[in-house]
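Indexing begins at 1, ligand by ligand and atom by atom, following the structure's order. Everything quoted here is computed from the prediction, not taken from an experiment.
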Amino acid sequence: MTVAARQAAAHTTNVATAMKELRTQPTDLDRYLALRRLQRDNPPLFYRLLLANTEEILPFVYTPTVGEACQKYHAIGVPTYGLYLRATDRGTFLQRLQAYPLQGVRVVVVTDGERILGLGDLGAGGMGISEGKSLLYTAAAGVPPHQILPVTLDVGTNNQALLKDPAYAGLRKPRVTGQAYEEVVAEFVAALKAWQPHVLLQFEDFANHTAFHLLDTYRSQLCCFNDDVQGTACVCLAGVLSALRATGASLADQRILFHGAGEAGTGIGELIAICLERRHGMTRQQGRRACLFMDSKGLVCSARTDLQHHKRPFAHDVPPCRTLLEAIQQMKPTVLIGVSTMAGSFSSEVLRAMAALNERPIIMPLSNPTSKSECTFQAAVAATEGRVLFASGSPFPPCQHGGRSLHPAQANNAYIFPAVGHAAVLTRCREIRRVFLVAAETLAGLSSVADLEAGLLFPRFSAIKAVSTRLIAACADFMVRTGLGSLPADFDAALKGRALPTTASNLTHWEAYAAAHMFDPNTAKL
Ligand code: NAI
């Protein structure tokens, strides 16, 4: 046996033993802690475990377990590897970045902890989200871990329970707001650009009142995006486009009703409008008219005077409707998307109304976690006699109908942002907004017709690395062709000796390049 073969066999045994130990942990939170301790104490083994068992491990390092971990972050002693920048440290952000142990950082995931998942203000405990998303970049799309930095801007918290909790390690004061808040973020962005000029910045779990504003302010200053807005929009559009591949209908003929008009919903609406503009020659406003929104006060319409800024582009000249059922009966949607966090709001009456209007109703209850989902897969299958095309935010088990096995699709942002981000890193992309449409269209094309028939609107998550490679290739190719990014200096050198046919397309070259740049814990130095 060669030294390399012996080493590989030893790695396999260690990973198998570590997985066995992990499975014996009594709770998911214990598994989260065990993994985070392993990450601190034995990074090579941790990353081998993560990459060899991605599907099994992700629910412990990310949703759903990460929600509880963020709630109890300091009380349970999570080993933090991200960087806290506190409002009280203003004036020193650049120094703190320069003192951070990793200096080749290319991706930063930042939160201010104000709206963590559907759990509200978790203050400095939001660090768990920045760290979890950072791990997804490596697990799903092979971004090397030393290139990713999780950051929490600790600007205080309005969570009274945390303020009273003796274990809480964040700033013990109400959230900094207004001008003082703006100054914290402005100093952070300026320091980041001075430290790593080509960095990609991901805004994560900011509240509505800051998320849209920060994106508008900073998207022209550095390469940045908000996953709750743009990543969600992308995976949801991909789900709709996949469903339309199954029905043969055109996006231009859809009426899409959203239950909920927050960050996720209006982000999806805007990307659908962009898609209609690019693919079907509509104006952006015509595209937006395909999207109708319900919020807690009823249908968003031009007669309303109480609408927040982000809802106004979708306030069309339609009659007011108070309830979801009324809106379905009036507006006759072909697609129903739930982003309201109102568990059970897609009642059997609502689902039956969609089934009466459409041969193949497209129904997407995206609210997370499972306890907030607008309906279950089983309820959607039962109310539509198995005709539903379904994708949810949280996972549901498959079910049987009429002798057939039907599978729910999960609209998981992890299909999108790690790959889009890796493409941005490889090409030093300067502006990322337009890339999400490319990612959605590429993802929508990856399921086979047989998979679509069984309900799999997305490829199986077990194939995530292959899926990411395809997405990285499509996005990087687009970035370079449109001048948003540059061809990497080592592009030709990296492909030498790879025996690609002379007729290989650009995308094939990019796939080979992406594969060569995927992090491998067996060869990388950690
Ligand atoms: P948000 O807080 O920005 O928006 C929630 C919206 O729901 C608000 O417009 C609110 O007015 C509306 N709403 C509340 N009660 C309502 C009612 N009774 N009837 C109608 N509308 C009502 O939250 P965000 O960020 O838009 O997220 C919404 C949900 O989507 C969350 O549960 C989140 O976990 C989920 N989500 C799922 C993703 C995925 O599956 N890939 C990704 C991002 C978010």
Side-chain angles (χ1 to χ4, degrees), residues 62-64 66-67 70 111 114-121 129 133 136 202-213 215 225-240 257-271 291-300 304 306-312 314-315 321-328 336-347 350 363-375 390-396 408-418 436 440 443 457-458 461:
Y62 196 59
T63 52
V66 74
C70 287
T111 187
E114 189 167 6
R115 200 236 52 185
I116 298 299
L117 305 168
L119 302 168
D121 182 352
I129 282 291
K133 285 258 163 142
L136 279 171
Q202 171 172 341
F203 290 106
E204 186 60 38
D205 281 2
F206 282 75
N208 268 205
H209 63 102
T210 50
F212 292 105
H213 160 71
L215 202 54
F225 72 101
N226 180 314
D227 186 52
D228 307 301
V229 181
Q230 290 153 290
T232 304
C234 185
V235 75
C236 184
L237 173 61
V240 172
L257 178 60
F258 292 82
H259 192 235
E263 279 170 55
T266 54
I268 302 166
E270 195 61 22
L271 191 63
C291 302
L292 294 149
F293 283 85
M294 296 278 300
D295 66 11
S296 54
K297 301 202 176 79
L299 194 63
V300 170
R304 288 206 17 207
D306 59 346
L307 295 174
Q308 288 159 282
H309 184 71
H310 63 277
K311 299 179 191 172
R312 283 188 212 134
F314 298 97
C321 291
R322 192 66 216 143
T323 68
L324 181 57
L325 192 59
E326 202 185 323
I328 291 172
L336 179 63
I337 297 176
V339 270
S340 64
T341 68
M342 297 308 292
S345 52
F346 293 178
S347 62
V350 160
I363 299 195
M364 298 189 171
L366 296 185
S367 288
N368 289 322
T370 318
S371 60
K372 307 252 183 202
S373 186
E374 284 81 2
C375 68
F390 181 96
S392 53
S394 298
F396 285 107
Q410 192 188 349
N412 190 339
N413 292 26
Y415 282 115
I416 300 292
F417 76 85
F436 287 97
L443 181 61
L457 301 184
F458 303 107
F461 201 78

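Using a non-hydrogen distance threshold of 4.0 Å, Leu117 does not register as a contact of ligand 1. Residue-ligand proximity: Lys297 is placed with every non-hydrogen atom at 4.0 Å or more from ligand 1. Heavy-atom distances between Met294 and ligand 1 reach below 4.0 Å in at least one pair.
At least one side-chain heavy atom of Leu117 sits less than 4.5 Å from a side-chain heavy atom of Ile129. Contact check for Val240 versus Met364: side-chain heavy atoms found under the 4.5 Å cut-off. Taking the side chain as every heavy atom from C-beta outward, Asp295 and Leu307 approach each other to under 4.5 Å. A 4.5 Å side-chain heavy-atom check between Phe203 and Asp227 finds every atom pair outside the cut-off.
Protein non-hydrogen atoms do reach within 4.0 Å of atom 29 (C) of ligand 1.
The heavy atom nearest to atom 14 (C) of ligand 1, out of those in Gly67, Ser340, Ala414, is found in Ser340. Evaluated by nearest non-hydrogen atom to atom 40 (O) of ligand 1, the leading choice among Gly393, Ala261, Cys236 is Gly393.
Between Ser392 and ligand 1, not a single N/O pair is under 3.5 Å apart. Taking distance alone, with nitrogen or oxygen atoms compared against 3.5 Å, Asn412 stays at or beyond that limit from ligand 1. Considering backbone and side-chain atoms alike, Thr341 places every N or O at 3.5 Å or more from each N or O of ligand 1. Considering backbone and side-chain N/O of Val235, none are found under 3.5 Å from N/O of ligand 1.
Side-chain atoms of Glu374 and Ser367 include a donor-acceptor pair closer than 3.5 Å. Using modelled atom types and a 3.5 Å distance limit, the side chains of Gln308 and His209 yield no donor-acceptor pair.
Taking a cut-off of under 4.0 Å to the non-hydrogen atoms of His259, the atoms of ligand 1 that pass are 19 (N), 20 (C). Contact atoms of ligand 1 toward Val339: 5 (C), 6 (C), 7 (O), 28 (C), 30 (O) (distance under 4.0 Å to a heavy atom of the residue). Atoms of ligand 1 found under 4.0 Å from any heavy atom of Asn208 (numbered from 1 in listed order, with element): 1 (P), 3 (O). Proximity to Ala411 (heavy-atom distance under 4.0 Å) selects the following atoms of ligand 1: 39 (C), 40 (O), 41 (N). Ligand 1 places these atoms under 4.0 Å from at least one heavy atom of Met342: 15 (N), 16 (C), 17 (C), 18 (N). Each of the following atoms of ligand 1 lies closer than 4.0 Å to a heavy atom of Glu263: 3 (O), 25 (O), 26 (O). Under a 4.0 Å criterion applied to the non-hydrogen atoms of Gly260, ligand 1 contributes the atoms 6 (C), 7 (O), 12 (C), 21 (N).
For atom 21 (N) of ligand 1, the closest non-hydrogen atom of the protein is Asp295 C, 3.2 Å. Looking only at heavy atoms of the protein, atom 43 (C) of ligand 1 is closest to Thr232 OG1, 3.1 Å. Remark: minimum distance from atom 44 (C) of ligand 1 to any protein heavy atom is reached at Ala264 CB, 3.9 Å. Regarding atom 4 (O) of ligand 1, its nearest protein heavy-atom neighbour is Gly262 CA, 3.3 Å. Scanning the protein for heavy atoms near atom 36 (N) of ligand 1, the closest one is Leu366 O, 3.8 Å. The shortest contact between atom 22 (C) of ligand 1 and any protein heavy atom is with Ser296 N, 3.6 Å. With respect to atom 38 (C) of ligand 1, the closest heavy atom belonging to the protein is Asn368 ND2, 3.8 Å.
Annotation: ring pair (Phe, Tyr, Trp, His ring centres under 6.0 Å) contacts of Phe396 (sequence neighbours excluded): none.
For Phe417 and Phe225, the ring centers are positioned 6.0 Å apart or more.
The aromatic rings of Tyr415 and Phe461 sit perpendicular to each other, their planes meeting at more than 60°, with 30° as the lower class boundary.
With respect to the salt-bridge test (charged N to carboxylate O, under 4.0 angstrom), the residues Arg115 and Asp228 qualify. Comment: Lys311 does not engage Asp306 in a salt bridge, judged by the lack of any side-chain N to carboxylate O separation of less than 4.0 angstrom.
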**OP:** Using the side-chain hydrogen bond (donor to acceptor under 3.5 Å, both in side chains) rule, take Thr111 and Asp205 through it: C-alpha gap first, then chi angles, then the decisive distance, then the call.
**Re:** CA-CA 6 Å; Thr111 187; Asp205 281 2; 5.7 Å; no
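Residue Arg115 touches ligand 1 through its side chain alone, judged by heavy-atom distances below 4.0 Å.
Note: Ser373 OG to Leu366 CG = 8.5 Å, rounded to the nearest 0.5 Å. Rounded to the nearest 0.5 Å, atoms CG (Leu457) and CD (Gln410) are 12.0 Å apart. In this structure, CD1 in Ile328 is found 6.0 Å from CG in Leu325, a value given to the nearest 0.5 Å.
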